[in-house]
Amino acid sequence: MIILNLLKQNMNINKLYDHKLIENFWYKYWINNNLFKSIPNNKIPYTIAMPPPNITGVLHMGHVLNVTIHDVLIRLNRMKGHNVCLIPGIDHASISTEVKVMQSLKDKNIYKDIIGREKFIKYVYEWKEQYGNIILNQIKKLGVSCDWDRLCFTMDEKYYNDVQDAFIHLYNNKFIYQDYKMVYWDTKSLNTVSDEEIIQEPCVNKLYYIKYNLLHSNKYIIVATSRPETIIGDVAICTFIDNKIYPTIKDNYALIPLINTKIPIICDHSISSKFGSGYVKITPAHDFNDYEIAKRHNLPVKNILNKNGTLNDTYEPLNGLNRFIARKTIVDLLIKNGHIIKIENYKTFKKISKRTNTIVEPMITKQWFVKMKYLSSLCSTLLDNNRITIYPQKYVNVYKNWLNNIQDWCISRQLWWGHRIPIWYLKNQKKFIVAAKNSHQAINLFKIQYNIDVNENNIEQDKDVLDTWFSSWLWPIKIFSKKDFQYYYPTNIIITSPEILFFWIIRMIIAGLYFCQEVPFKKIYITGTVRDKRGKKMSKSLGNSPDINKLIEKYGADSIRASIFFLSKNNNDIMFEESYCLQAYSFINKIWNSVILIESLKSDKKDEYHIDSLKIIHWFNSKINKTIIDLNQIYQNDNDLSKSFVLLYKIYKEDFCSFYLEIIKFYTKKQYRYYTITIKYLKILLKMLHPYIPFITEEIWHKIGDNKNLLNPLITSNYPQSYSNINNAIINDMKNVYDLLNKLRNFKIKYNISSNDRLDINIKSLNIIFYKKYISIIKIFIQNINNVFYNDDSKKYNECLMIKNDKIYIDLSKKNKIDNIKNIDFLYKKINILIKYKESIKKKLSNELFLKKAPDNIIIKEKKKYSDISEKINHYQLQIDND
RNA sequence: AGGAGUAUAGCUCAGUUGGUUUAGAGCAUCUGUCUUACAAACAGAAGGUCAUAGGUUCGAAUCCUAUUACUCCUACCA
């Protein structure tokens, strides 16, 4: 048998769909014929600015999801006659790029601090040339129809300029200010470090319980700390809110051990009663949480560390000591003076700089901020006025929550790769500041604003660069030329993942409103997150995303795109596993094979239909029109692309292949011709499927009918409109035919009826017309049916099927009867279920309150149900009795 | 710690304003079938106390409250 299979496969090998060949061909064709290109014209535009992936990126499943949704919407709207424009881009990604390039330079023994800023930037550009396009090529492989001529990079000259303009504009309008912020500091490289450059390692640390005496009493309080050397920087003692002892000590002061400085005792909601002693020392200069508390309580900030990690002169015995040696020294002193009550071990994390392997130190630094209060108020009414809609709805609350709690935005980063902050200082006199794009402008401004004459040599530009988001928040407003902006802006939709709703989406809206007085997009479409089978988010760093190139190679881009929609239901998270591609792959295979069948229907003869087959043609006509309408409804309402794709999957696989084609195939054998009408339906189906699976549909489009010319590709064809009325009666009829078929197939299996058996049946029904109309179709699927009698009382065989209230008697006299006991068991099981159901309805109907309060139509329905069920039970009971 | 979300078949999810549903799909499972487009196919079967506990109602998977578990975002662990 296996050999036979192999033989068959080999014979059909040229019939197999070769996705690699076909996908490459069509992408090239689309590009070469400028079919993705968009130029302003008199059509209505449909524009999407694609979220620019990082240049450090490699395509992972999350991108595939995002990018595919983009392309489906774009292809759909292109076919619907819009002037569509999908703008691709890449993001310079300051931090991750700088870290990545530093890493690669480190292997060559090159260090950025040694080679200097200019040379380093040169290396970054070299790196970008080499690796920056990987992700774009992968996007192309997926078939995404971007206008590649509009490719935009956040470090392009024009974009760079725009970012600087935005900063200067905000600065001149007093939205940008300088303030202190706590950041992590690398004491060895003397630089700030970002979260991405920090490794967290679990470790066991010591927790010291230290006695602080009170000033106006002989009591004391115990404070737990892991960093005893910082007690000399204490400015307060803090306890939790419900501490019952607090009222008795709140007007008192605590004395710092050894140095005996008096500090106030406060309480704050951020302190937990469960950890440590319930009292915390507040050292604002050296701890993130303490810094926040100090700000809330107006406490001073007392720095005790030098930038290289040694202690300063706050307390003479520790002056100049390394922070870890200082800890030992002060612990010894505290023990000697009886201030240490106990020392405990506890599990925590230490944060280590990837650059130098030293433990990082919280440090207060001067940074640039954007005032957000007024800016965020610009978007407060957008949702209520429907200027922007969010899909799915569940993110509306998240959006509002973010907007209400928005904090000022720290936009400076101590890096070299990125947009350099356009601020100029007078050397050695930092209080003279101007915002300017270049030294030339700066010199002028110093003269105008401060009346100071300066030259290139005594001014300097701020060394830091801007947060990457400060460039990407301008994305939708700065990717167009001035002329194009009028035409394309605002864009129609933004498609993105939930985690950057705050970082990016809200900020883009703010920028759009502030700089252009118009929202940047009308709809926010939030996709799910792609996870692996264990629920972990798929990402590069975890390495749990499958290699997309390999997946495309194996299954084809169409399959990968389709599987996204099989999985992404309701925009929920996707648990991805490679095996899920198989369903989509077999669907593609199915489509290809169905076309082989359809092409075999081709004939020179004039079309001529068998009278019975017209029903199926009319039915499919209604069905396809209904699908067109249903799809349009989905596209108009919420763009739940998974729902629409599954609808298409079902009509193609179940209605078209399993039903329509099976019947057509049957009549074709009898020399009737159905090619033209079938091609008409196929074309409509291809059009509707094209946005999801563009390659195979385009290929088939050119292989069928009279369409064998490349001048009329599917990608730019017109999207199908509903063209005739929907006959709901026939759709309903066919559903009943389907039910009947199921019952008969069941019956066949139960009674072990072989395909050679020919059986007579007698149908007793009030609706004989229905059976007479469709019996020819039923016979195609159930070839066992021999003579059919209607309401013939002389023919009442024992075996009987109940369908609704119709009875279909089947003569099994020519056939061995099946095992009676088994059959009776089955019938009893059925009766039991029905009796249970009957009871529940009886209970309902005998409930007076139900009869009094429930609406009439419900009561009538329940009564009808009751009588129907009673009859069914009787019917089954009768069968048992007869056996 | 704050905010949001989810809980329905082995898995991924539907389930319209509470009553046409005896809670449905698709995968996976099991059974049957080489059938001239497709065995990566076709046909069939089995599988569920709708997370738990209360409440509202004539009637709850659906509305309300509490609990539990998980996920995400933000901020963190003295």
Side-chain angles (χ1 to χ4, degrees), chain A residues 1 4-5 8-9 12 15 207 223-227 230 238 269-272 274-283 287-290 292-293 346-349 392 394-402 404-405 407 498-503 529 531 533 535 537 566-570 572-575 577 579-580 582-583 585-601 642-643 646 649-650 657-658 661-662 665 669 741-742 745-746 748-750 752 755 781 833-834 836-838 840-841 844 847-855 857-859 861-862 864-865 869:
Chain A
M1 209 122 65
L4 220 141
N5 260 336
K8 213 170 159 187
Q9 269 179 20
N12 291 346
K15 281 186 169 180
L207 195 60
V223 171
T225 179
S226 60
R227 300 198 59 187
T230 62
C238 188
H269 65 84
S270 64
I271 305 301
S272 155
K274 293 185 184 101
F275 190 89
S277 65
Y279 294 92
V280 181
K281 59 196 225 41
I282 303 299
T283 322
D287 182 279
F288 280 83
N289 196 37
D290 290 5
E292 291 305 313
I293 293 175
Y346 84 108
K347 277 181 196 165
T348 184
F349 294 90
K394 63 181 173 187
Y395 291 107
V396 168
N397 279 342
V398 182
Y399 170 90
K400 284 186 174 165
N401 189 285
W402 271 120
N404 293 336
N405 296 312
Q407 305 276 317
E499 57 263 29
I500 53 175
L501 185 61
F502 160 69
F503 281 120
T529 307
R531 303 173 184 288
K533 243 207 143 180
K537 183 171 155 184
F566 280 131
L567 291 168
S568 156
K569 289 179 181 137
N570 227 13
N572 283 335
D573 289 357
I574 295 178
M575 309 291 171
E577 212 196 332
S579 62
Y580 292 147
L582 277 173
Q583 191 188 359
Y585 185 79
S586 23
F587 182 42
I588 300 290
N589 186 45
K590 182 107 199 161
I591 294 175
W592 187 249
N593 273 298
S594 65
V595 172
I596 292 174
L597 171 68
I598 293 166
E599 281 302 293
S600 76
L601 302 178
S642 174
K643 214 192 253 172
V646 169
Y649 171 74
K650 280 196 169 156
C657 288
S658 300
L661 285 180
E662 287 296 333
K665 197 168 80 181
K669 279 187 208 150
L741 274 175
N742 271 346
R745 276 166 175 159
N746 233 323
K748 250 178 91 173
I749 284 174
K750 214 176 102 200
N752 198 17
S755 37
F781 291 97
I833 296 169
L834 287 171
K836 231 169 142 188
Y837 184 44
K838 192 179 160 184
S840 77
I841 301 175
K844 230 185 227 181
N847 185 346
E848 272 178 43
L849 279 169
F850 172 73
L851 294 172
K852 219 171 19 183
K853 292 202 174 178
N857 61 327
I858 298 290
I859 295 171
K861 270 177 203 167
E862 292 295 322
K864 173 117 183 14
K865 265 194 219 166
I869 285 165

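Chain A is the first sequence line, chain B the second, and so forth, proteins listed ahead of strands; every chain is numbered from 1.
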**OP:** Check whether the side chain of Lys590(A) and the base of C38(B) form a donor-acceptor pair under 3.5 Å.
**Re:** yes

For [N] versus [M], give the span between their [atom1] atoms, rounded off to a whole number of Å.
N      : M      : atom1 : answer
A14(B) : G5(B)  : P     : 16 Å
C72(B) : U12(B) : P     : 15 Å
U56(B) : G15(B) : C1'   : 22 Å
A41(B) : C70(B) : P     : 38 Å
G24(B) : C64(B) : C1'   : 27 Å

Test salt bridge (charged side-chain N to carboxylate O under 4.0 Å, His left out) applied to [X] - qualifying residues, sequence neighbours left out:
X         : value
Lys853(A) : none
Lys748(A) : none
Lys643(A) : none

Apply ring-ring contact (aromatic ring centres under 6.0 Å, His included) to [X] and list each qualifying residue two or more places apart in sequence or on a separate chain.
X         : value
Phe503(A) : Trp469(A)
Phe850(A) : none
Tyr649(A) : Phe566(A), Phe587(A)

Original post:
Reading RNA chain B 5' to 3', how would its secondary structure be written in dot-bracket notation, given Watson-Crick and G-U pairs with both distances under 3.5 Å, brackets [ ] for crossing pairs and | for partners on other strands?
Top reply: (((((((..((((.....[....)))).(((((.......))))).....(((((..]....))))))))))))....

By nearest atom, which of the nucleotides [options] is closest to the [X] side chain?
X         : options                : value
Asn746(A) : A45(B), C27(B), U20(B) : A45(B)
Tyr837(A) : A41(B), G5(B), U22(B)  : U22(B)
Thr225(A) : G19(B), A37(B), A78(B) : A78(B)

Across the strands shown, which category fits [X] at heavy-atom distances under 4.0 angstrom: base, sugar-phosphate, nothing?
X         : answer
Cys238(A) : nothing
Asn401(A) : sugar-phosphate
Gln407(A) : nothing
Phe288(A) : sugar-phosphate
Lys643(A) : nothing

Anything under 3.5 Å between a protein N or O and an N or O of nucleotides 64-66 of chain B, put it in a table, one pair a line.
none

Original post:
If we ignore angles and hydrogens, is there a donor and acceptor under 3.5 Å between the side chains of Lys665(A) and Ser600(A)?
Top reply: no

Tell me every residue that passes side chain to side chain donor-acceptor pair (under 3.5 Å) with [X], counting only those two or more places apart in sequence or in another chain.
X         : result
Asn289(A) : none
Asn847(A) : none
Thr225(A) : none

Original post:
CH2 of Trp402(A) versus P of A75(B): gap in Å, rounded?
Top reply: 7 Å

Subject >> Whole-Å distance separating the NZ atom of Lys864(A) from the C1' atom of U22(B) >> reply: 15 Å

For nucleotides 54-57 of chain B, give me every protein contact, N/O to N/O, under 3.5 Å, one pair per line with atom names.
none

